[in-house]
Amino acid sequence: MTTLWDTTGTAVVKALAQERRTGGGVTSGLALTLVVVHDEKDTADVEAAVSIASARHPMRVLSVIRHNYEAPVPRLDAEVLIGGRYGPGEAVVLRMYGRLSLHAESVTLPLLAPDAPVVTWWYSSTPELIAHDPIGVFADRRITNVIRDRDPAASLRQRAEDYAPGDTDLTWTVITPWRAALASAFDTVQAECESVTVAGNPADPSAQLLAGWMSSRLGLQVPVEKAEGKYISSVTVLFADGNRIDLTNEGYKLIMRRLGQMDSIAPFPQRRTGDVLAEELRRLDPDETYAEALGAVTGHADLNSRPTTRTHIWFDPALAGSEG
Amino acid sequence: MSTTDDLSTVDPAAGRGSFGSAPGAAHTGPPATPPSAPSGTTPAASRNPLRDPRDRRLPRVPEPCALVVFGVTGDLSRKKLLPAIYDLANRGLLPADFVLLGFARRDWGDGDFESMAKKAAREHARTEWKDEVWDRLSGNITFVPGAFDDDDAFDELARTLKELSDSHGIKGNAAFYLSIPPAAFPTVLKQMERTGMADNARSGGWRRVVVEKPFGHDLPSALELNRLVDDVFTPQDVFRIDHYLGKETVQNIMALRFANQLFEPVWNSNFVDSVQITMAEDVGIAGRAGFYDATGAARDVLQNHLLQLLALTAMEEPVEFTAEAIQVEKLKVLRAITLPHDLAAYAVRGQYDQGWQAGERVVAYTSEEGVPPDSKTETYAAVRLGIDTRRWAGVPFYMRTGKRLPRRVTEIGVLFKKAPHLPFSQTDTEELGHNQLVIRVQPDEGITLKFGSKVPGSMMEVRDVSMDFLYGEAFTESSPEAYERLILDVLLGDATLFPRNAEVEASWRVIDPLEAFWAGNTPEKYRAGEWGPKKADEMLARDGRDWRRP
């Protein structure tokens, strides 16, 4: 591990090359560069998540921590680690102070693994427009996490406003087990589906996205009805031939009830943030299914036909603050 | 003959479901109007409006079904099958309605079988053990005791299956895994025919059968076996397991060759000097004396694993990535294989003598328990094959397999010709060998590229360096056990990774003349812990080559 205080981007590039030579690291296995934007207080959570994901996807991790942009003197502190807290791969932690925080890309660009895809993950506080953050503009894939925002439901709507192919949100990733169970339940039914109800927290973005997904696939209105719990508690599906499927989440078990059949119980293990992140990194192309689900939730039909690239829009929080 | 069937009939299973391998069956239409199922496919999956080929997060999950295992108390079942089923369940790849039905000659209730299965799964599972996963599986495990010639037991089995399809919603779908000695095949198959268990139409779902190697011991016996199985099941419902084909690296051969522009232009006799395919084992015969002494290395490994690896390495590009298109190409290669005219020089067989291996003294093959002291069975086989096609004419394919070799390794080495002209002086390039592309099948799954590079310094010296791609490093997560993948494919009805009748028969056509030539003569001795008999080295030396040390 190399720690650099009050340093420059060039020195960090050199330190990384040096660590790789002495640590015996090789580029051949690198599949992507993951840029994580997070706050100092979330460092432990980010480390835990990234170490799980990087055990499954060989990657270089750039952790960007932006400190107070109002600090009078810009400053960069960096740590270079290979095989440490961030898992088996290479990691560079970049702490930026002062106006440098607004130009983080000047430090990260030379550190990206050559010609490997770039994924940016905002652990929390996604910029309102991703185009405001240059770190998001040059990424091939962008992962947000609206559940950590102050108003997740509003944040999800904003993600649709701002959507470009290649964006996804972790509140979508966490419902993959639900979607797999539902798709599997539909395999055995021949009849047309008549209605679907999701019970859970109507304000929860995951519940919204699950309803949006069902709605986009089935061409039905799928309401989210208020029920106990803060996530998704059950899904009820009615079919034209009178068939009915109830899927209920009961303490890490998914129970499927059908007419005239034994209940089937499947484990529904809690997935850690790292597992969810690892699923997200499996595919680096746009997720059309997510776009359709998000479109169904927010009433945008054009998400898949939006341009895939963004142009950086200069945004100075100091000025925005004085205007607002 | 079944060969023509395999070429002409289109496997209906290939078009099944949005997640099936035929892109034509996939729908991308507007979600509000579920498209009608293409004719000839199972309607349930393809009509499922929630499945979408673009939605690649959803796992491929089979339809509700039962897996019936014959010989469920055997070694293979305990070490591979049951753990693989647990691993599949743990990864969420089994349908909610899944039943495991064991059949064996034991006086057991469901509980005894369940606890045996739990112990086996727990001991050998690849993924983390979770009690809740097993609890869910164990509720759907049933055992039917009986002997293979016991009519009552099979009636009971048929009745149990029938009951399960009602109570557990498995819709008459069942796969039968025959983990039994080949001698018991006729009895079991007759029983299935008698009870109508193998009949797709009568059961109201699909019925598939999984057969393990050996697929016969020569061409006539293979034809007989194929006829027997195909009589009872429809040919496209028969899945022959060659577990090598379930390995990630083997599947990657096709990705490497057909997804890249870099390798295909040099993948022919203009650039390739020779190909070496090796499957070495460090173990001896480990308690399988009876089977092994009657079989030998050529029938045990060369006929299936090595020839399949050769077919994947040498085949032309399939027109599409479907079971039947790949089989067509593999079959073409297998039929184009030629044996050397001079078998005495280019087909070597050996038998291990006593020696030292990995720091331990090991006995000779003929001193192994259960092997007759005058046994002439080979434990090592090496042969030079040719492929009579425009792409490969003149390129020797050296195949070798053996037991008690220094290490366990399987690899395909493609050796390229030397550069036609070197501007460097002779001494500069003395250490430069053939450029090589090596596909390491196991262990350390990956690919090695070997090429010449300048030795740093003031002199112009070129020597071989190798560049490694290690599968474990790049994609640690996605290397499931071969059995997991293959069982899942059987339940999904995807035959891409299974050799069909015609391939098995074509392989025997290669092996039979070899066996006929070898019959009666004594195998060359080699010391345990060595890379095979001297004659095998001489065989390559005669062609001015030598074996790669894997």
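Below, chain A is the first sequence line, B the second, and so on; all start at residue 1.
Salt bridge annotation for A/E279-A/R179: absent, with no cationic side-chain nitrogen under 4.0 angstrom from a carboxylate oxygen. Taking 4.0 Å as the cut-off between side-chain N and carboxylate O, A/D287 and B/R57 count as a salt-bridged pair. Ion pair B/R60/B/D494 flagged as a salt bridge, since at least one NZ, NE, NH1 or NH2 atom sits closer than 4.0 Å to an Asp/Glu carboxylate oxygen.
The CD atom of B/E411 sits 8.5 Å away from the CD atom of B/Q436 when rounded to the nearest 0.5 Å.
Contact count against chain A (heavy-atom pairs under 4.5 Å) is highest for B/V133 among B/V133, B/L94, B/V61. Between chain B and the options A/D285, A/L220, A/L254, A/T173, the largest number of non-hydrogen pairs under 4.5 Å is found for A/D285.
Neither the backbone nor the side chain of A/W178 comes within less than 4.5 Å of any heavy atom in chain B.
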